[in-house]
Amino acid sequence: MRPVQGRRILLGVTGGIASYKTAWLARLFAQGGAEVDVVLTRSAREFIGAVTFEALTGRPVHTELVAEGHALDHITLARGANLIVVAPATADFLSRAASGRADDLLSACLLAADAPVLLVPAMNDRMWAHKQTVANVEHLRSLGYHVLAPDAGPLASPQEGAGPGRMPEPTTIFAHAARLLEPRSALAGKHVVVTAGPTREAIDPVRYLSNHSSGRMGVAIAESAWRRGADVTLIAGPLAVPLPDGVHTVAVETTEQMAAAVRSALASADVLVMAAAPADFRPSQLSDSKIKKGARPEAIALENTSDILATTRDARRPGTIVVGFALETDDVLVHAAKKLEAKDLDFIVVNDAREIGAGFGSETNRVTILARGAQPDALPLLLKTEVADAILDRVEGVMRGR
Ligand code: CTP
């Protein structure tokens, strides 16, 4: 996966029970195409064996500062790394790193490195809350280390509390690592607003009208924008895929709620990507109580919901880049070009609903991107994560050209 592909990651493991999850993290990095050098501290080896990491990374594991009579491993390892991740980082390791110790291989690597360092604490919730640990973390952050906040929830030992202390899931650590590896992006520090998923329009308290949108495309765009350093607001209808890390999510149900959330987010948005499939119609009358089987209506009268892109146009700031989607079945490019004009968009991403392997629910998509005054840009069948990157590359292109 892009940013991780071909990069060298030094993965430090210290002595905590969460180190079993680090094996999965090593696998995610290796699968993403990274070269992963694992460094185990002495206490980590009480919890997990080097053989596990050697098998997962296909590379030797490093353990000692002085090995086979020479002590230069830390310099070579640290200088070659594009990123250092320490997971789990115990309270003891945080304290040692905060005081600049260099008496084992991993702490020496931290001092010898130029690369960004991501520390992933995991410990008992009381140890995490202790003033000494809080002071160590503050100091580490002031030195430029990136320190992830632990999750709350049950810890390994049933006797322990459920306050923050648990190591975040490997996919979350991976997402933060990818963000640190991402090359400098024109989207860094920008506010990107993405809509995703369907909306629901109630018929009665238990029934609704909706569509098959899963939200996968919008979530992929939100993920990619966050990885590029943007502040991301994801305005999401009910999604069939997990929420991404790092983004601020606003959950909505109806098209009118989505329109209101888009309007308020536009006040500070640099980019709006409308990847959602809002319901275009809603029942003209909402029944307050459940419609009984015996009282089947002959028909349900419908009225139009708001067209969000059109009705929020006045809320856009000058220069906000707006990307829409179009799902079409006939005269695909002609209809899409009309929407590009009518909705006043910078780009429209066109899906042919009849295309196999594209559209709702699928992990892949084949799209054509239209921009004003440019030839249609037809992309091959790609993963939705790759389509997301292709869209944001073009958005960055516009930003750089200004
Ligand atoms: N969209 C919107 N508000 C709606 C419906 C759609 O802002 N009520 C946005 C979608 O998020 C998408 C774009 O408009 O970015 C085009 O959506 P699409 O469903 O293809 O077009 P419609 O405007 O609904 O037109 P039609 O149904 O006639 O194809």
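Order of listing sets the numbers, starting from 1, for every ligand and every atom in it. Basis for what follows: all heavy atoms, side chains included, without hydrogens, waters or symmetry-related copies.
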Salt bridge present between R101 and D92 (N-O < 4.0 angstrom) | no
Sequence neighbours excluded, which residues qualify as side-chain hydrogen bond (donor to acceptor under 3.5 Å, both in side chains) partners of R263?
-> D314
Would you mind checking if K343 and E341 are paired as a salt bridge, meaning a charged N to carboxylate O distance below 4.0 Å?
-> no
Extract all N/O-N/O pairs under 3.5 Å that connect ligand 1 to the protein, and present each with both atom names and the distance rounded to 0.1 Å.
| residue | atom | partner | partner atom | Å |
| --- | --- | --- | --- | --- |
| ligand 1 | 3 (N) | I308 | N | 2.9 |
| ligand 1 | 7 (O) | I308 | N | 3.3 |
| ligand 1 | 7 (O) | L309 | N | 2.9 |
| ligand 1 | 8 (N) | D280 | OD1 | 3.4 |
| ligand 1 | 8 (N) | S306 | O | 2.9 |
| ligand 1 | 11 (O) | M274 | O | 3.3 |
| ligand 1 | 11 (O) | A276 | O | 2.8 |
| ligand 1 | 14 (O) | K343 | NZ | 2.9 |
| ligand 1 | 15 (O) | M274 | O | 2.8 |
| ligand 1 | 15 (O) | F325 | N | 2.8 |
| ligand 1 | 15 (O) | F325 | O | 3.3 |
| ligand 1 | 20 (O) | L327 | N | 3.1 |
| ligand 1 | 20 (O) | K339 | NZ | 2.7 |
| ligand 1 | 21 (O) | K339 | NZ | 2.9 |
| ligand 1 | 23 (O) | K343 | NZ | 2.5 |
| ligand 1 | 24 (O) | D280 | OD1 | 3.3 |
| ligand 1 | 24 (O) | D280 | OD2 | 3.2 |
| ligand 1 | 29 (O) | K339 | NZ | 2.8 |

Using a strict cut-off of less than 4.0 Å between a Lys/Arg side-chain nitrogen and an Asp/Glu carboxylate oxygen, indicate whether D204 and K292 qualify as a salt bridge.
-> no
More than 12 non-hydrogen atoms from neighbouring residues, nucleotides or ligands closer than 6.0 Å to CZ on R317, yes or no?
-> yes
List the atom of A89, the atom of T14, and the distance in Å for their closest heavy-atom pair.
-> CA-OG1, 3.6 Å
